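Working notes, structure below.
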There are 2 protein chains.
Amino acid sequence: MGITKSEHFSEHQNELANLLKALGHPARVAIVEYLIQHKQCICGDIVSELPLSQATISQHLRELKQVGIIQGNIEGNSICYCLNPSVFEQINQYMGVVIESVNKNKCC
Amino acid sequence: MGITKSEHFSEHQNELANLLKALGHPARVAIVEYLIQHKQCICGDIVSELPLSQATISQHLRELKQVGIIQGNIEGNSICYCLNPSVFEQINQYMGVVIESVNKNKCC
DNA sequence: AAACTATATTGCAATATTACGATATATATA
DNA sequence: TATATATATCGTAATATTGCAATATAGTTT
């Protein structure tokens, strides 16, 4: 197999899983952190900052874009990337609910 | 290839990515949510709640255990599972930092 | 227009993940 | 002890992911 049985799970479960999966690779975490560190949109030069080929980074950027984690605006002949905070807020909120409900029902 | 170049990234980046990757599958999200809904440790019966075979669920449970998301205690001839809130707190904290830093530096 | 720069896409090889049947293991119960 | 129940592991097939060289595309500059 190798195919995830998405149809058996709720839309919410699939969406959340896709979001977390997109962040579930060190190169993509590194891209997010690079965007944070630079405190602004980055036009170009992500490739030179990471130890991966241009093709590979382009692929990772596409995955991050697909789930809305980053946004890319064309700026001349380069592309300006920035983070979309609402996605992180969504994850944050979900984790908050988990934490709250676990703390309310300790048993192990 | 297919092999992630973990050695090129920081320990922190690899750890976070592993954690998020473990949650990046709808079946594993469903397992977490099932544990939340039941407001207590679940001894057995996870298999009958999910539309996947026993072998597949056992595999997913192992992945969740490996990164510390769940804990399993042997209880008679079944196993008692519960969530580990500290992992979720870790993710929550990370997301908080991202949100804060993005909101501080809007530019797109 | 030609050359240059930045990013995306294609094609492919290597490896990882997902899923499950079959089987193993371990405890509980008759 | 034999049988039942619960979970783990093995083996395997199908599919996905990762990574990169080569190439394509699009804008910029000379």
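None of the values given here were measured: they were computed from a predicted structure. Residue numbers begin at 1 in each chain, while the letters A, B, ... track the order of the sequences.
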Taking for each residue the nucleotide of DNA chain D bearing the nearest heavy atom, is the 5' side occupied by B:V47 or by A:E63?
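Closest to the 5' end, via its nearest nucleotide, is B:V47.
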
Interatomic distance, [X] [atom1] vs [N] [atom2] [rounded to whole Å]:
| X | N | atom1 | atom2 | result |
| --- | --- | --- | --- | --- |
| A:N77 | D:dA24 | CG | P | 20 Å |
| A:L50 | D:dC20 | CG | P | 11 Å |
| B:Q66 | D:dT9 | CD | P | 10 Å |
| A:I79 | D:dT28 | CD1 | P | 12 Å |
| B:L61 | C:dA19 | CG | P | 13 Å |
| A:D45 | C:dA6 | CG | C1' | 11 Å |
| B:E75 | C:dA28 | CD | C1' | 14 Å |
| B:L23 | C:dT18 | CG | P | 12 Å |

Between [N] and [X], is there an OP1 or OP2 to side-chain N/O distance shorter than 4.0 Å?
| X | N | answer |
| --- | --- | --- |
| B:R62 | D:dT7 | no |
| B:K21 | D:dT17 | no |
| B:K5 | D:dC20 | yes |
| A:H60 | D:dG19 | yes |
| A:S58 | C:dA8 | yes |
| B:T56 | C:dC20 | yes |
| A:S78 | C:dA6 | no |
| A:H25 | D:dG19 | yes |

If pairing means Watson-Crick or G-U wobble with both distances under 3.5 Å, then the partner of C:dA30 is D:dT1

Let me spell it out: for each of A:I57 and A:I3, pick the nucleotide of DNA chain C with the closest heavy atom. Which residue's pick is nearer the 5' end?
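The 5'-side residue here is A:I57.
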
DNA chain C nearest-nucleotide lookup for B:S53 and B:G76: closer to the 5′ end is B:S53

Regarding A:T4, tell me which of base, sugar-phosphate or nothing describes its non-hydrogen contacts under 4.0 Å with the strands shown.
sugar-phosphate

Sugar-phosphate, base or nothing in reach of A:L52, heavy atoms under 4.0 Å:
sugar-phosphate

Could you walk me through whether A:S10 and A:Q13 satisfy the side-chain hydrogen bond (donor to acceptor under 3.5 Å, both in side chains) test, starting with their C-alpha distance in whole Å, then the side-chain angles of each, then the deciding distance to 0.1 Å, before giving a yes or no?
CA-CA 5 Å; A:S10 73; A:Q13 287 165 341; 3.3 Å; yes

I'd like to check B:L23 versus B:V32 (side-chain heavy atoms, cut-off strictly below 4.5 Å). Are they in contact?
yes

For the residue pair A:V29 and A:Y34, establish whether any side-chain heavy-atom pair is separated by less than 4.5 Å.
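In short, these two side chains do not touch, never coming nearer than 4.5 Å.
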
Around A:E49, counting heavy atoms of other residues, nucleotides and ligands shown, do more than 12 lie under 6.0 Å from its CD?
yes

Please check if the distance between the ring centroids of B:Y94 and B:H12 is under 6.0 Å.
yes

Check this for me: does the side-chain of A:Q59 come within 3.5 Å of the base of C:dA8 through a donor and an acceptor?
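No such pair is found, so the answer is no.
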
Regarding D:dA8, can its base be found pairing with the side chain of B:Q54 as donor and acceptor, where the two atoms are less than 3.5 Å apart?
yes

So which pairs with a foot in residues 18-29 of chain B pass side-chain hydrogen bond (donor to acceptor under 3.5 Å, both in side chains), sequence neighbours left out?
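Applying side-chain hydrogen bond (donor to acceptor under 3.5 Å, both in side chains) to every pair that reaches into residues 18-29 of chain B, excluding sequence neighbours, yields A:T4-B:H25, B:R28-B:H60, B:R28-B:E63.
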
